[in-house]
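Have a look at the structure below, then the notes.
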Amino acid sequence: MTDASRGADAPPELVQLLTPEGERVEHPDYDIDLTPEEVRSLYRDLVLVRRVDLEAVALQRHGELGIWASLLGQEAAQIGSGRALTDADMAFPTYREHGVAWCRGVDPVKLLGLFRGVNHGGWDPAEHNFHLYTIVIGSQNLHAVGYAMGIQRDGTNSAAIVYFGDGASSQGDVNESFVWASVFNAPIVFFCQNNQWAISEPIEKQSRIPLYRRAAGFGFPGIRVDGNDVFACLAVTRKALEDARSGQGPTLIEAFTYRMGAHTTTDDPTRYRVASELEAWKLKDPIERVKSYLFKNELADQAFFDSIDAEAEDLGADLRKRCTEMPDPDPMEIFEHVYALPHSLIEEERKAFAAYLEGFQS
Amino acid sequence: MTDASRGADAPPELVQLLTPEGERVEHPDYDIDLTPEEVRSLYRDLVLVRRVDLEAVALQRHGELGIWASLLGQEAAQIGSGRALTDADMAFPTYREHGVAWCRGVDPVKLLGLFRGVNHGGWDPAEHNFHLYTIVIGSQNLHAVGYAMGIQRDGTNSAAIVYFGDGASSQGDVNESFVWASVFNAPIVFFCQNNQWAISEPIEKQSRIPLYRRAAGFGFPGIRVDGNDVFACLAVTRKALEDARSGQGPTLIEAFTYRMGAHTTTDDPTRYRVASELEAWKLKDPIERVKSYLFKNELADQAFFDSIDAEAEDLGADLRKRCTEMPDPDPMEIFEHVYALPHSLIEEERKAFAAYLEGFQS
Amino acid sequence: MTILTLSKALNEGMRKAMEADPKVLIMGEDVGKLGGVFRVTDGLQKDFGEDRVIDTPLAESGIVGTAIGLALRGYRPVCEIQFDGFVFPAADQIISQLAKMHMRSLGAIKLPVVVRIPCGGGIGAVEHHSESPEAYFTHTAGLRVVACSNPADAYSMIQQAIQSDDPVIFFEPKRRYWEKADVDTSSTDWWTPLHEARVVRPGADATLVAYGPMVKTCLEAATAAEEDGRSLEVVDLRSLNPLDTGRLFDSVRRTGRVVIVHEAPVFGGYGAELAARITENCFYHLESPVLRVGGFSTPYPPSKLEEHYLPDLDRILDAVDRTFAY
Amino acid sequence: MTILTLSKALNEGMRKAMEADPKVLIMGEDVGKLGGVFRVTDGLQKDFGEDRVIDTPLAESGIVGTAIGLALRGYRPVCEIQFDGFVFPAADQIISQLAKMHMRSLGAIKLPVVVRIPCGGGIGAVEHHSESPEAYFTHTAGLRVVACSNPADAYSMIQQAIQSDDPVIFFEPKRRYWEKADVDTSSTDWWTPLHEARVVRPGADATLVAYGPMVKTCLEAATAAEEDGRSLEVVDLRSLNPLDTGRLFDSVRRTGRVVIVHEAPVFGGYGAELAARITENCFYHLESPVLRVGGFSTPYPPSKLEEHYLPDLDRILDAVDRTFAY
Ligand SMILES: Cc1ncc(C[n+]2csc(CCOP(=O)(O)OP(=O)(O)O)c2C)c(N)n1
Ligand SMILES: Cc1ncc(C[n+]2csc(CCOP(=O)(O)OP(=O)(O)O)c2C)c(N)n1
Ligand SMILES: [Mg+2]
Ligand SMILES: [Mg+2]
């Protein structure tokens, strides 16, 4: 069942299906056949999630959020991979996968809860097959592999995908997740967004060779894809998921992309990287190339682009409104959901605190 | 300085310089030129450490040791690699490296202290450039890489070597040590004795591809050597150490060998492995092949072999005697060496316990 | 009634749990063919297959992390940590993930994961094989922490732990694995709720509080004290978090004197919480301060010294004497 | 005298230590060019180079594990753990290696490693960024554990920690990083020994015991209490292991009433050890049981709730009131 040699091939080139200039290119192993409608729909997602992100950054600036981790520049990696998932597949995000959340149907306002500080995660993972954001770097990789082992035991035709960063590749947990996935041939896709930076540390501080090659050392295939090319991300992820679902085991996808913004809203990248780097990457913007493609091939007109922009405008306004309306949690919620079953110490502390608070009212 | 491509070559075959039948064979990349004296000396080491090991097993059976982890079958891997070290190199063992300890000049009776329960480690690592035995699987890998980074900073011409097992390859710490070594191009040799088993778990539970290939995924070379061939282990380790000392960075050596005995004296391998496996490996015995080689090439006569056996006999007897004479530690030693500097709580407990013990005398 | 060792009682308990619920899995190092280094899972892989009794790669973070993932998919994994001293590589997965995910999800996620930890010393082992790490977990909100002390409890508590919808850290007193007792495996009527303490020996003059391996030692101390005319009550806490304060305080209020016994170092150990909480709640009933007997504030010593390090009958009775000297 | 923030005081202290001893290294995530997410190591890489101020790969076990190796080679590494909640992946290296290697080697090995941990809440952060994990380390024999509460101590204590031949877990109160005070960087005469507690405000009626971020809160509570005619003494422990019992008990014996304050959950927290030890040693001087004010036994809540979770002036004074009700 296990085909250990799959991972050992000579390193393939970076997979690209759409150039920064919006030209479709062919790739011997990966191709994708998209209807104009599908391309427009991908474009719409890219634009809308960028808008969600910009709005969140603005909300943080206005003090409505405590912090925000921007996905700016990584839209194609997230929409491409997110759109490759079926409903039955399960996704495990970091704290930056707002685009994937979008694809999974999570209301963006729910993402804001965590960053506003009203909860630590505001959606039911089972409802969207989209796990909670995970902040401890790399720990979600093991959850995803365990989940995939569960899929295996259930004998169902689905897969898990886990997102992590270039920095995360150094964590013990991430490498242990490679061991487990390989040994159990688990139906999982490892989706690493190499955005070149882990806060202030460039990728060279995590690896001296391309990250996708890590996989071969564990006995499964790794592939590098242009992370700013939504077509390629979709095609490569789709293939890896199919492999996983059909018993071919794990794949590591390295989406080569760029974190165009700060690490989070509290970060100041001017301290550690030069402006020219950002300028170079702007030329590879994940949205612009789809727009060019649509334009050049006359698959969309100005009215279409305007309507998407208008939709983004509305989305932003709605998000802003609903964010500021989010009520503060009640102090007594501190004691909720610590345990699923009754717990005497929690009850004791709950009562004591309630009495204490009441003392102020009298 | 970093040559990242070194690790990416096509997988080499298992390096062997001496067949199980005692025939010298050539290898395109590795060779070794040993004087008859050197070969006899290697043979002597192999026989003596096997004897130390057998004696320790016997001592455990007689209740003189609490437990013992036998190196039976791994003598060539340990003597070959151990003899490749210079005095200035630093070795980090697991709990099974009695052969390496021998090469480093550690009195075998000192190894017994830990297994007898009179201490947790009875030698000064700096005296022999041989670190203490480490029981928490894989944790020593990070110490070794840190030490190697220290060598780098000191600008000296030496290297570190770290020993670990096939099971250990799954631990987060071991993989993090690969990341660090690669990123900092540390002068270190990773020496993995793949003895096919981690207690009851066969190697397939840790990896579905050969372990030496793990290295390429981290950007440095890995090589598999016949771990029962002392010539090959010496040659390959020597080369890797030279690379490390000359700024070429880390190498992973997988010594393909076999744990011929139980995991430890408390283990019962008949529960999980078939007898025929052991029989097959007996044909590859690391000592027999050197003996054949010496015989066939008339490099040693029966008198030589007899003299080594007699030396082993004496060594065993001496070890037995000195082990049983090892005094029990004084109860008050519990409070020694908890801290390097005075510590009020320890002083308080020390005094209270001394008073308590005195209470019994009166 | 069957006579079972504590180890076999755990084995039978897990077997029952696996029969009752196909979602129950066993996972850990050497738990399959070998049946674990203490044989606690002996025979289970043979009967339930490799998909339900999983020999994992050698990495504790991986074991607990993938167990969490399996629980997210609806399974109920029971993880074995081979020895107490090897739980620390899994600390992050236990403390930051296992304990907190239920709250993180506002209750949407339940993680019925059991982490079994053979604990404590007294078996002549080498370093890292005799630790008592309970205080690291009792301080971690979101975990339930229990410790069994005898075969019957081992049998019933492991099943209750597996049934719990909350994660449970389950301590097993390794030096008591071979102790035998009658266990009624035919009914559950006699089961004590998982989080209840139990007075295992009634007494009037002072209370000994213990859990896991030290319960037996305390019972022996109480027997010895009886000869000196002192009547000691022994409370087996069974559950460390939540703590059954009702039964504990009741005993303390009756006797007015307390000695807490555990193997872990006294400084910052679980006994500190007991002493602090007892004192706060039973202040006017205490004739003397709550005293603690435990390991010294040193790493666990080499085995030739462990009999001096571990609380024994003499050190317990010495502390009892001291409570009477106030 | 220079006016320094606590963060800058640490920075100056490390700079002094690096100037004095070429073996002192700084290592951690983002400590180099960025100067750390709190800028505590700002400018050090620029002045001492990449070999001495090391931006490491993103893995805490790796940071502490390689620091141990560097210490074995004669270096004195100062590791930064970016936030309290991220220390757990390094738990094994800290608890089983860093703490125990000196004893394992019968004293041959010394590990002068400092692990700096910005700790505590109150800065409106997301999960894992507001933890108070001190109890995990104070219970670990072989470690020294200290916590600074103000710029002058930060400046002197970090240098003393680096000079220590034993490993030191060094807690920094992150919400106090921006507090300013005069620090005399020209002399060491005023330095208090690393493991001494200090009465930071004398008082007669009750003792508030705190460390790290809660010292300031206690001082504010004492000021407020004064208006009500109550004289509260505030003890800043500074060192948690070893504990300066002399100064602590002295204060308790004078006032007879004690409230312990920390941010960590009360259950199994460091305050439990303080309460137990104080009670055992000052039993006849106590007018009331030692009370504890701390976090609840829940995971640290989302930031909109943290002001309710964290001990504040009102909760401290409420506890003081309760000690007078006995
Ligand atoms: C275990 C752990 N250590 C440190 C941190 C602090 N931290 C948050 S994000 C980050 C960098 C992550 O880099 P990468 O994995 O590349 O993801 P990216 O942020 O670039 O998406 C760090 C160090 C953390 N969250 N968890
Ligand atoms: C962290 C940790 N987990 C578990 C153990 C228990 N244990 C001791 S040896 C061993 C197997 C090690 O296998 P391998 O690395 O192949 O080394 P070998 O014993 O074969 O030399 C295990 C699981 C341990 N010592 N440390
Ligand atoms: Mg990144
Ligand atoms: Mg092995």
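In what follows, chains carry the letters A, B, and so on, assigned in the order in which the sequence lines appear, proteins first and then strands, with residues in each chain numbered from 1. Values reported hereafter were calculated over all heavy atoms of this structure, with side chains retained and with hydrogens, waters and symmetry mates removed.
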Notebook entry, point to check: What pairs with B/Y356 under ring pair (Phe, Tyr, Trp, His ring centres under 6.0 Å), at least two apart in sequence or on another chain?
Noted result: B/F353, B/F360

Check: Given that the side chain runs from C-beta out, which part of B/I346 has a heavy atom under 4.5 Å from chain C: side chain, backbone, both or neither?
Finding: side chain

Margin query: Could you report the tightest heavy-atom contact between B/S170 and C/A59, atom names first, then the distance?
Written below: O-CB, 3.5 Å

Note to self: With a 4.5 angstrom heavy-atom cut-off, is it the side chain or the backbone of C/E29 that approaches chain B, or both, or neither?
What the structure shows: both

Checklist line | Engaged part of B/I137 at the chain C interface, taking heavy atoms whose separation is under 4.5 Å | finding: side chain

Checklist line | Under 4.5 Å from any heavy atom of chain C - which part of B/I199 | finding: both

Check: Can you name the nearest heavy-atom pair linking C/P302 to B/G117, along with the distance?
Finding: CB-O, 3.1 Å

Check: How far does CD of B/E336 sit from CG of C/L305, to the nearest 0.5 angstrom?
Finding: 11.0 Å

Next item on the list: Could you look at C/F86 and say if it's the side chain, the backbone, both or neither that has a heavy atom under 4.5 Å from chain B?
Entry: side chain

Next item on the list: Check the pair C/E60, B/Q171 against side chain to side chain contact (heavy atoms under 4.5 Å, CB included), reporting the backbone distance first and the verdict last.
Entry: CA-CA 8 Å; C/E60 289 73 13; B/Q171 277 285 6; 2.8 Å; yes

Check: Given that the side chain runs from C-beta out, which part of C/V37 has a heavy atom under 4.5 Å from chain B: side chain, backbone, both or neither?
Finding: side chain

Note to self: For C/F83, which atoms come within 4.5 Å of any heavy atom of chain B: side chain, backbone, both, or neither?
What the structure shows: neither

Check: Can any side-chain N or O of C/H128 pair as donor or acceptor with the backbone N or O of B/T134 at less than 3.5 Å?
Finding: no

Notebook entry, point to check: Under 4.5 Å, heavy atom to heavy atom, which residues of residues 314-326 of chain C contact chain B?
Noted result: C/D314, C/R315, C/D318

Notebook entry, point to check: Side chain, backbone, both or neither: which part of B/A352 has an atom under 4.5 Å from a heavy atom of chain C?
Noted result: neither

Notebook entry, point to check: Taking every heavy-atom pair that is under 4.5 Å apart, which of B/H337, B/H343, B/R116 has the most such pairs with chain C?
Noted result: B/R116

Check: Is it true that a side-chain atom of B/E201 and a backbone atom of C/D30 form a donor plus acceptor pair closer than 3.5 Å?
Finding: yes

Note to self: In the structure I gave you, are the side-chain heavy atoms of B/V338 and C/S297 within less than 4.5 Å of one another anywhere?
What the structure shows: no

Notebook entry, point to check: In chain order, what residues pass the ring pair (Phe, Tyr, Trp, His ring centres under 6.0 Å) check against C/Y136, with sequence neighbours excluded?
Noted result: C/F88, D/H139

Margin query: Please report the interatomic distance CG(B/D166) to CG(C/L58), rounded to the nearest 0.5 Å.
Written below: 9.0 Å

Check: Is the shortest heavy-atom distance from the side chain of B/K205 to the side chain of C/T56 under 4.5 Å?
Finding: no

Margin query: At a 4.5 Å cut-off on heavy atoms, which part of C/E306 comes close to chain B: side chain, backbone, both, or neither?
Written below: neither

Item checked: Segment of B/R350 engaging chain C (4.5 angstrom heavy-atom cut-off) -> neither

Checklist line | Contact class of C/T298 relative to chain B, heavy atoms under 4.5 angstrom | finding: both

Next item on the list: Using a cut-off of 6.0 Å, state whether more than 12 heavy atoms not belonging to C/E50 lie near its atom CD.
Entry: no

Next item on the list: Starting at CD of B/E348, measure out to CZ of C/F296 and round the result to the nearest 0.5 Å.
Entry: 12.0 Å

Notebook entry, point to check: What residues of residues 270-279 of chain B sit under 4.5 Å from chain C when you count only heavy atoms?
Noted result: B/R271, B/Y272

Checklist line | Minimum side-chain heavy-atom gap B/D268-C/L34 below 4.5 Å | finding: no

Notebook entry, point to check: Does any non-hydrogen side-chain atom of C/H129 lie less than 4.5 Å from one of B/I135?
Noted result: yes

